[in-house]
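Here's the structure, in structure tokens; my notes come after.
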Amino acid sequence: MRKVLQDYFFNRSTLRVARELLGKFLVRRYGRRIIYGIITEVEAYVGPKDKASHASRGKTERTKVMFGKSGHWYVYLIYGMHNCLNIVTEKENYPAAILIRSVGDVKGPGRVCRYFKIDKSFNAKPANKKTGLWIEDRGIRINPSKIKQGKRIGVEYAGKCKDKPWRFYLG
DNA sequence: ACGATGATGAAC
DNA sequence: TTCATCATCGTA
């Protein structure tokens, strides 16, 4: 069983999608090679009021993709050297996305992008086989008791939102 | 503990 | 146009 996740999977509550992404596979076509791994850690960034979210300051050139259609990639450069990969969720004009923090043994969003050869050229592109980067359901069932939840990382500046338990990982 | 390294957004 | 900040990582 191998199914590419479509827009309708992502056009739902970000927290639900985030939980359900655990156990799915990130897949990249890189020339003739296929790079893939199981998603093991994600973080949700939800709505215009989430102070930890780039979208909390409104729609800008960078963040407009978060306000766009679900099922598209949001890739940005952080600290001048690392790319971070996010998948946009929820309906159009409601800014939300999920940061993919770890895939298999590759831990950390910067390392994920390095391992999967992901840069800003994927920004605002849809997640499907045509673009060469997509997410698959390979039929793995995750026992809910394996899903851990905790604070998001690196968002100490986010005031009331800094402690929201919107990071999900397999434990 | 800290520096690398450059895009982004807000201030001026 | 300048400036502080940053959803991190590698080295120490």
Side-chain angles (χ1 to χ4, degrees), chain A residues 5 9-26 28 30 35 37-91 93-127 133-135 147-171:
Chain A
L5 299 185
F9 178 89
F10 301 103
N11 189 9
R12 295 183 293 145
S13 150
T14 306
L15 296 183
R16 286 230 331 240
V17 176
R19 280 180 180 280
E20 293 181 24
L21 275 182
L22 298 175
K24 302 297 189 292
F25 283 76
L26 181 64
R28 167 85 159 102
Y30 186 67
I35 307 168
I38 188 167
I39 297 172
T40 50
E41 183 184 16
V42 297
E43 276 177 4
Y45 291 84
V46 187
K49 308 295 259 306
D50 179 2
K51 288 284 188 269
S53 171
H54 293 161
S56 66
R57 292 182 217 200
K59 192 189 280 189
T60 67
E61 189 57 33
R62 178 177 65 157
T63 64
K64 64 183 182 187
V65 59
M66 290 186 73
F67 291 78
K69 288 180 74 171
S70 60
H72 289 237
W73 299 113
Y74 169 40
V75 182
Y76 62 90
L77 184 69
I78 191 68
Y79 301 113
M81 52 182 80
H82 307 292
N83 288 114
C84 289
L85 177 68
N86 301 249
I87 186 80
V88 175
T89 55
E90 309 224 21
K91 64 188 174 189
N93 294 315
Y94 184 81
I98 296 167
L99 172 67
I100 298 179
R101 291 196 66 88
S102 304
V103 179
D105 294 331
V106 184
K107 311 218 186 292
R111 288 167 165 178
V112 167
C113 283
R114 196 176 55 186
Y115 182 81
F116 281 84
K117 318 284 188 196
I118 294 161
D119 61 23
K120 278 185 66 181
S121 66
F122 284 98
N123 188 51
K125 291 198 176 154
L133 183 64
W134 66 95
I135 300 176
I147 298 180
K148 310 295 182 199
Q149 195 169 357
K151 296 188 214 177
R152 293 173 294 182
I153 291 172
V155 296
E156 290 308 303
Y157 59 86
K160 280 162 70 174
C161 294
K162 75 182 174 66
D163 295 324
K164 290 204 177 293
W166 289 352
R167 169 174 163 254
F168 301 91
Y169 55 100
L170 294 177

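Keep in mind it's a predicted model, so treat the numbers as computed, not measured. What you see below is based on every heavy atom in this structure, not just the backbone, and it leaves out hydrogens, waters and symmetry mates. The chains referred to below are lettered A, B, ... by the order of the sequence lines, with proteins before strands, and numbering in each begins at 1.
Comparing B:dA7, C:dA7, C:dC9 by their nearest atom to the side chain of A:Leu77 picks out B:dA7. In the set B:dA4, C:dA7, C:dT8, the nucleotide with an atom closest to the side chain of A:Met66 is C:dA7.
Considering only side-chain N and O atoms, A:Arg114 lies nowhere under 4.0 angstrom from the phosphate OP1 or OP2 of C:dC9. Phosphate contact (OP1/OP2 of C:dA7, side-chain N/O of A:Tyr157, threshold under 4.0 Å): present.
The stretch residues 50-61 of chain A touches DNA chain B through A:Arg57, A:Thr60, each having a heavy atom under 4.0 angstrom from the strand.
Note that A:Arg167 lies in the cation-pi zone of A:Tyr169, set by a 6.0 Å cut-off to the ring centre and a 45° limit from the axis. A cation-pi contact, defined as under 6.0 Å to the ring centre and within 45° of the axis, is absent between A:Arg12 and A:Phe10.
Regarding A:Arg101, its CZ atom lies at a distance of 7 Å from the C1' atom of C:dA7, rounded to whole Å.
Exactly one of A:Leu26, A:Ile38, A:Thr40 qualifies for a side-chain contact (heavy atoms from CB on, under 4.5 Å) with A:Val103. That residue is A:Leu26.
Taking the 5.5 Å centre cut-off and the 30° plane limit, the aromatic side chain of A:Tyr76 is not classed as stacked on B:dA7.
A:Val42 and A:Ala18 make their closest contact through CG2-O, 3.5 Å (heavy atoms, listed as atom of the first residue, atom of the second, distance).
A:His54 and A:Tyr76 have their aromatic ring centers within a separation under 6.0 angstrom.
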* Give DNA chain C the dot-bracket treatment, 5' to 3': Watson-Crick (N1-N3 with N6-O4 or O6-N4) or G-U (N1-O2, O6-N3) under 3.5 Å, [ ] crossing, | other strand. => ||||||.||||.
